[in-house]
Every structure is written in structure tokens, then in C-alpha cells.
S.K.: 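Dumping the structure here so I can ask a few things about it.
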Amino acid sequence: MTQHLPPSKDSPIIIVGAGVFGLSTSIHLAQRGYTNITVFDSKPYDETLYSYFDSCDSASSDINKIIRSAYGSQTEYQDLSTEALSAWAAWNAELKAANDNNHDRDGIKGITPNSSLFIPNGYLNCSDSTTLPDFEIATIENMEKAGKHGTQLINNKQADIQLASQRGVEYALQPFNKEVLGVLDTTGGHVLADKACIFALHKAKKLGVRFILDPVLGKFTSFGYDSSSNSTTKTITSITTADKKHHAASLVVIYSLCETTAGSVFMLHIPESSPLRQRFHHSQFPSWSFNMREHGADGGLYGFPVDENGIFKIGYRGTKYTNPQQQSDGQERSVPEQAHKVVAKFLDEYLPELDNSGIHISESRLCWYTDSFDNHYVIDYVPG
């Protein structure tokens with residue numbers, strides 16, 4: 001394996017992509033003492049604030065994402081989740097301290113005072129099966145082995161029901177109008193994805209990271225190579241942006257979708273006057289997934305509590321969409337008919353109170369994925 005020496009602390013480092021991966025990388029590099037970091041992106045995220053509804057189509061430009069420790073036999077992701085949960089708790093505390101010390105109450109643009117980034121409302125992984133799937137059994141076993149005792153609660157096991165009641169999370173065991181079988185991951189919940197990106201952008205800037213967020217100035221077009229590179233091994237020494245400018249770097253880190261497939265997302269708007277705002281509030285309703293495995297195109301549902309703007313979001317990934325069609329506005333956001341069919345059926349059977357209150361699907365869109373075809377991540381050094 002080729003060994004690569006790290007750049008010096010003041011060497012120019014370029015990161016292409018200001019989504020969550022690019023933001024996280026810039027923060028960690030700055031915290032390690034690197035002082036010459038520039039992040040490029042064609043989206044003006046400092047203006048759009050990573051808004052789901054303002055042409056932000058990156059995977060991390062979303063209103064919410066599930067956080068979980070439940071990964072079955074994939075203990076590498078379970079371990080990463082344990083680290084992430086600790087970091088989310090630290091960010092929540094950091095944001096609270098910033099709000100408490102902000103006497104002018106101007107705060108961070110895009111983040112309401114007294115809000116949290118991670119909401120630990122629990123994650124219920126459930127199905128219409130009569131026996132627990134192997135995935136849930138493996139999760140319980142591996143979390144116990146990791147010393148996370150009593151964090152995974154089976155929703156039809158009396159001892160676990162009593163434990164949930166003692167902890168004040170019994171609401172999350174059977175959150176629908178029809179009973180399900182599942183495991184409540186009490187370490188989980190959801191993160192406000194757009195707010196987390198806004199906070200990360202704010203944090204990176206405070207650490208001295210420079211950002212060029214502009215449809216021309218920040219748009220990557222090509223790499224520049226060392227003139228001594230041969231055709232087999234090319235060494236990247238710069239990038240070129242859409243304004244024809246060349247930007248030299250000792251290291252270039254690029255983040256992009258490694259698979260142009262997407263799930264489907266559906267949104268229902270619950271009026272502030274509706275009692276369902278409280279029914280689906282995160283203090284009364286978990287993040288969840290339903291028939292996520294072994295159900296093919298008829299399963300793969302997940303969802304969240306209602307957010308502060310009344311948006312109740314349900315996602316479908318039973319089939320990853322691989323052939324988006326360009327719409328009249330030039331965007332590729334069409335949602336497959338199968339996705340709508342499965343979500344509508346679930347709403348009818350498990351959450352009929354929405355339809356009974358005259359609340360229906362009002363918006364839909366694609367949700368891009370950053371994982372590989374086998375549901376992992378690709379991290380590589382080129383050349384390598």
C-alpha cells in the first residue's frame with residue numbers, strides 16, 4: 001500500500017463539497033491544527049441555510065435524519081454511532097451555551113433559540129411480522145456485548161414495557177393505530193439535518209475555515225495535475241472553478257454522491273390548530289422504520305415526529321430509484337408510483353387519524369443517497 005505523508009499544518013487544503021461530510025472534515029482538520037483550509041461549493045448555503053425547500057438537493061440538506069445504534073451484526077456502524085451520539089450531545093450542549101450567552105438574542109441565523117440539533121426521542125424499528133427478525137436479535141445481542149444494557153426494548157416483552165414506562169418512553173413502543181412488533185432503540189432519535197449543517201458551517205468559520213459558496217466562484221469544474229505526473233499516476237495539485245480560476249492545494253478532498261439513486265419522501269402539513277400536532281410531537285412520538293428488510297418494494301418505510309413547522313415526513317426506500325426524469329422546472333425530482341402506493345397504504349392502515357382530519361400528502365420529492373450499492377461508504381486516496 002502506498003504511504004502518504006500528511007501535509008504541513010499551513011499547507012493549502014481544498015475541500016470540494018459543503019455538505020455534512022465536507023463540513024465535518026473541515027472542522028476536524030481545523031481542530032487538528034490545519035490553518036489553510038478552503039471549502040468550495042456551488043450552492044450558496046450561507047444564504048439558503050441548507051433549506052429543503054430552497055433548491056438544496058444534497059443528501060444532508062434535509063429537515064431531519066434518523067440517528068440509531070441499531071445496526072444488527074454491523075458492529076462497525078454501531079461503534080461509529082456510539083461516537084456520534086457523544087458528539088451530538090456535545091453539540092447540543094455547545095449550542096445551548098451559545099444561546100445562553102447570547103444576550104442580544106440574535107443567535108445563529110437559521111437556528112431558533114433554545115433549539116437542539118439532536119432530539120433523543122427513540123427509534124422504533126418495527127414490522128408486521130409475528131417474530132423478531134434476525135437483524136433486531138443481532139442488534140440486541142451486540143448492544144449487550146458492548147455494555148449498552150437495557151437500551152434495546154422489545155415492545156411486546158413485559159419486562160421491557162415496564163422499563164419503558166419507568167423511563168417515560170412507553171409512548172414509543174406502539175405509536176400507531178395498529179399494533180406492530182419491534183425494538184425500541186432508546187439511544188436513538190433524530191437530528192435536525194439542516195440546522196446541524198448550519199451549526200457546522202458556523203463552527204467551521206469560527207475555527208478559521210474559509211468558504212467559497214457560489215454558483216460560479218465555488219463550482220468545481222476540473223482537477224489540475226503535477227506536470228511531472230505520468231499517465232498511470234497523476235498527482236492532483238489544484239482545482240479549477242467555473243470562473244476559470246486555478247486554486248493550488250497540497251491536498252484535495254472531494255465529496256460527491258457515489259451512487260445517483262434516491263428514495264422517496266412524502267410530507268403532510270399538520271396545522272398548528274390541530275390536536276395532531278401534539279399527538280405527533282417528539283415528546284410523544286418516536287422516529288421509526290417499518291418493514292425495512294425482507295419486504296422488497298412493498299416495505300422500506302421510515303418516518304419522524306412532526307417538526308416545528310408542522311411537517312410530518314415519511315420516507316420510502318423499498319426500491320431505490322435509478323431513473324429520475326427531468327421535470328418542467330429542470331429538476332429531477334419525480335417520485336415513482338410504487339412509493340406513493342406503499343406510503344398511502346401505510347397511512348390508511350396505521351395512521352388513519354390523518355386522513356380523518358383532512359390531512360393528506362401535500363408534497364413529495366427524492367431523497368439522495370450517499371452510500372454505495374451495498375449500503376456502505378467509499379473512502380479512498382487517489383492515487384493509492
S.K.: So how far is it from Gln162 CD to Glu170 CD, rounded to the nearest 0.5 Å?
M.R.: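 Reported value, rounded in 0.5 Å steps: 9.5 Å.
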S.K.: With Ile212, which residues qualify under side-chain contact (heavy atoms from CB on, under 4.5 Å), at least two apart?
M.R.: Thr38, Phe40, Leu217
S.K.: Kindly give the heavy-atom pair with the smallest separation between Gln284 and Arg279, and that separation in Å.
M.R.: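 Shortest heavy-atom separation between Gln284 and Arg279 comes out as CB-O, 3.9 Å.
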S.K.: side-chain contact (heavy atoms from CB on, under 4.5 Å), that's the test. Do Thr241 and Phe220 meet it? Break it down for me.
M.R.: CA-CA 5 Å; Thr241 44; Phe220 167 86; 5.5 Å; no
S.K.: Quick one, Tyr123 with Ser289, criterion side-chain hydrogen bond (donor to acceptor under 3.5 Å, both in side chains). Give me CA distance, side-chain angles, the key distance, then yes/no.
M.R.: CA-CA 8 Å; Tyr123 163 67; Ser289 63; 2.7 Å; yes
S.K.: Kindly indicate, with the supporting measurements, whether the criterion side-chain contact (heavy atoms from CB on, under 4.5 Å) is fulfilled by Leu268 and Leu354.
M.R.: CA-CA 9 Å; Leu268 300 87; Leu354 289 163; 4.2 Å; yes
S.K.: Out of Asp185, Asn142, Thr139, Asn125, which one pairs with Gln152 under the side-chain hydrogen bond (donor to acceptor under 3.5 Å, both in side chains) rule?
M.R.: Asp185
S.K.: Assess the pair Tyr302 and Trp288: is the distance between their ring centroids shorter than 6.0 Å?
M.R.: no
S.K.: Going through the checks in order, is the side-chain contact (heavy atoms from CB on, under 4.5 Å) test met by Met292 and Arg317?
M.R.: CA-CA 8 Å; Met292 188 55 75; Arg317 53 178 295 165; 3.9 Å; yes
S.K.: Taking all non-hydrogen atoms of both residues into account, name the closest pair between Val180 and Gln174 and its distance.
M.R.: O-NE2, 2.9 Å
S.K.: Cluster question for you: counting only ILVMFWY and a side-chain heavy-atom cut-off of under 4.5 Å, with indirect links fine, are Phe21 and Phe118 together?
M.R.: yes
S.K.: Any non-hydrogen side-chain atom of Phe266 less than 4.5 Å from a side-chain atom of Ser264?
M.R.: yes
S.K.: More than 12 heavy atoms of other residues, nucleotides or ligands under 6.0 Å from CD of Gln31: yes or no?
M.R.: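 Counting other residues, nucleotides and ligands, CD of Gln31 exceeds 12 neighbours.
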S.K.: Please lay out, stage by stage, how Asp348 and Lys345 fare under the test salt bridge (charged side-chain N to carboxylate O under 4.0 Å, His left out).
M.R.: CA-CA 5 Å; Asp348 285 345; Lys345 183 174 184 292; over 6 Å; no
S.K.: Going by ring-ring contact (aromatic ring centres under 6.0 Å, His included), name the residues that satisfy it together with Tyr77, two or more places apart in sequence or in a different chain.
M.R.: Tyr71, His376
S.K.: Does the side chain of His202 reach to within under 4.5 Å of the side chain of Lys206, using non-hydrogen atoms?
M.R.: yes
S.K.: What distance separates Leu213 CG from Tyr45 OH, expressed to the nearest 0.5 Å?
M.R.: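 Going from CG on Leu213 over to OH on Tyr45, the span is 8.5 Å.
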S.K.: Does Met143 belong to the same Ile/Leu/Val/Met/Phe/Trp/Tyr cluster as Val169, with side-chain heavy atoms less than 4.5 Å apart forming each link?
M.R.: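 No; Val169 is not reachable from Met143 via cluster members.
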S.K.: So, His281 and Arg277: side-chain donor and acceptor under 3.5 Å apart, yes or no?
M.R.: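 Checked: His281/Arg277 side chains show no N/O donor-acceptor pair below 3.5 Å.
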S.K.: So, are Lys313 and Asp62 salt-bridged, with charged N and O less than 4.0 Å apart?
M.R.: yes
S.K.: Tell me the closest heavy-atom pair linking Pro7 and Ile13, and the distance in Å.
M.R.: CG-CD1, 4.1 Å
S.K.: Just so I know, are the side chains of Asn177 and Glu349 near enough to count as touching, which here means a heavy-atom distance under 4.5 Å?
M.R.: no
S.K.: Answer with yes or no whether the hydrophobic clustering places Ile63 together with Leu192; edges join I, L, V, M, F, W, Y residues whose side-chain heavy atoms lie under 4.5 Å apart.
M.R.: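 They do not share one cluster, since no chain of ILVMFWY contacts under 4.5 Å joins Ile63 to Leu192.
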S.K.: Inspect the contact between Glu144 and Lys148 and indicate whether a charged nitrogen and a carboxylate oxygen are less than 4.0 angstrom apart.
M.R.: no
S.K.: Looking at side-chain heavy atoms only, is the closest gap between Ile14 and Val253 below 4.5 Å?
M.R.: no
S.K.: Does the ring center of Phe285 lie less than 6.0 Å from the ring center of Phe304?
M.R.: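 When the ring centroids of Phe285 and Phe304 are compared, they turn out to be at least 6.0 Å apart.
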S.K.: I'd like to know if the side chain of Ser362 and the backbone of Met267 have a donor-acceptor N/O pair within less than 3.5 Å.
M.R.: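 Checking the backbone N and O of Met267 against the side chain of Ser362, a donor-acceptor pair under 3.5 Å is found.
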S.K.: Using side-chain contact (heavy atoms from CB on, under 4.5 Å) as the criterion, list what pairs up with Glu337, not counting sequence neighbours.
M.R.: none
S.K.: Assess whether atom CD of Glu272 is packed by more than 12 heavy atoms of other residues, nucleotides or ligands within 6.0 Å.
M.R.: no
S.K.: Got Asn291 and Leu301 here, is their nearest side-chain heavy-atom distance under 4.5 Å?
M.R.: no
S.K.: Can you tell if the side chain of Val191 reaches within under 4.5 Å of the side chain of Ile119, non-hydrogen atoms only?
M.R.: no
S.K.: Using the side chain to side chain donor-acceptor pair (under 3.5 Å) rule, collect all pairs that involve residues 5-16, keeping only residues at least two apart or in two chains.
M.R.: Ser8-Asp10, Ser8-Ser11
S.K.: Measure the spacing between CD1 of Ile361 and CZ of Phe312 and express it to the nearest 0.5 Å.
M.R.: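 Going from CD1 on Ile361 over to CZ on Phe312, the span is 11.0 Å.
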S.K.: Would you mind reporting whether Leu132 and Leu181 have side-chain heavy atoms less than 4.5 Å apart?
M.R.: yes
S.K.: Could you tell me whether the side chain of Val252 reaches within less than 4.5 Å of the side chain of Ile239, counting heavy atoms only?
M.R.: yes
S.K.: Using a 6.0 Å cut-off, check whether atom CD of Glu179 has over 12 heavy atoms from anything other than its own residue.
M.R.: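 No, because the 6.0 Å sphere around CD of Glu179 holds 12 heavy atoms or fewer from other groups.
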S.K.: As a quick check of understanding, evaluate side-chain contact (heavy atoms from CB on, under 4.5 Å) for Asn114 and Thr112, giving each step before the final call.
M.R.: CA-CA 6 Å; Asn114 303 318; Thr112 55; over 6 Å; no
S.K.: What closest approach, in Å, do Ser26 and Ala204 show between heavy atoms, and which atom pair accounts for it?
M.R.: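 Answer, listing the atom of Ser26 first, then Ala204: OG-CB, 3.6 Å.
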S.K.: Listed by chain and number, what are the side-chain contact (heavy atoms from CB on, under 4.5 Å) partners of Ser274, not counting sequence neighbours?
M.R.: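 If we apply the side-chain contact (heavy atoms from CB on, under 4.5 Å) test to Ser274, skipping adjacent residues, the hits are Ile270, Pro271, Leu276, Ile359.
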S.K.: Parallel, tilted or perpendicular, judged at 30° and 60°: which one describes the rings of Tyr350 and Phe176?
M.R.: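 Geometry flag for Phe176 against Tyr350: perpendicular rings.
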S.K.: If hydrophobic clusters are built by linking Ile, Leu, Val, Met, Phe, Trp and Tyr wherever their side-chain heavy atoms come under 4.5 Å apart, do Tyr52 and Ile311 end up in the same one?
M.R.: yes
S.K.: With hydrophobic residues grouped by side-chain heavy-atom distances under 4.5 Å, do Leu173 and Val183 end up in a single group?
M.R.: no
S.K.: Mark yes or no for whether Thr82, through its side chain, and Gln78, through its backbone, hold a donor-acceptor pair below 3.5 Å.
M.R.: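 Yes, Thr82 side chain to Gln78 backbone: donor-acceptor pair under 3.5 Å.
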S.K.: Do the side-chain N and O atoms of Ser238 and His247 include a donor-acceptor pair separated by under 3.5 angstrom?
M.R.: no
S.K.: Can you name the nearest heavy-atom pair linking Asn121 to Pro305, along with the distance?
M.R.: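 Looking at all heavy atoms of both residues, the shortest contact is ND2-CG, 3.2 Å.
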S.K.: Find the distance between NZ (Lys109) and CD1 (Ile111) and round it off to the nearest 0.5 Å.
M.R.: 12.5 Å
S.K.: To the nearest 0.5 angstrom, please state how far the CG atom of Leu201 sits from the NZ atom of Lys205.
M.R.: 4.5 Å
S.K.: Testing the 3.5 Å rule here: is there a donor-acceptor pair between the side chains of Thr187 and Thr151?
M.R.: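 No, no side-chain donor-acceptor contact under 3.5 Å.
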S.K.: Answer yes if the side chains of Gln338 and Asp298 hold a donor-acceptor pair under 3.5 Å, and no otherwise.
M.R.: yes
S.K.: Please enumerate all residues that pass side-chain contact (heavy atoms from CB on, under 4.5 Å) together with Leu163, with sequence neighbours excluded.
M.R.: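 Leu153, Gln166, Arg167.
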S.K.: Compare every heavy atom of Gly303 with every heavy atom of Ile66, then report the nearest pair and how far apart it is.
M.R.: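 Closest approach of Ile66 to Gly303, heavy atoms only: CD1-O, 4.3 Å.
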S.K.: Starting from the C-alpha separation in whole Å, work towards a yes-or-no answer on side-chain hydrogen bond (donor to acceptor under 3.5 Å, both in side chains) for Tyr255 and Thr25.
M.R.: CA-CA 10 Å; Tyr255 291 103; Thr25 299; 2.3 Å; yes
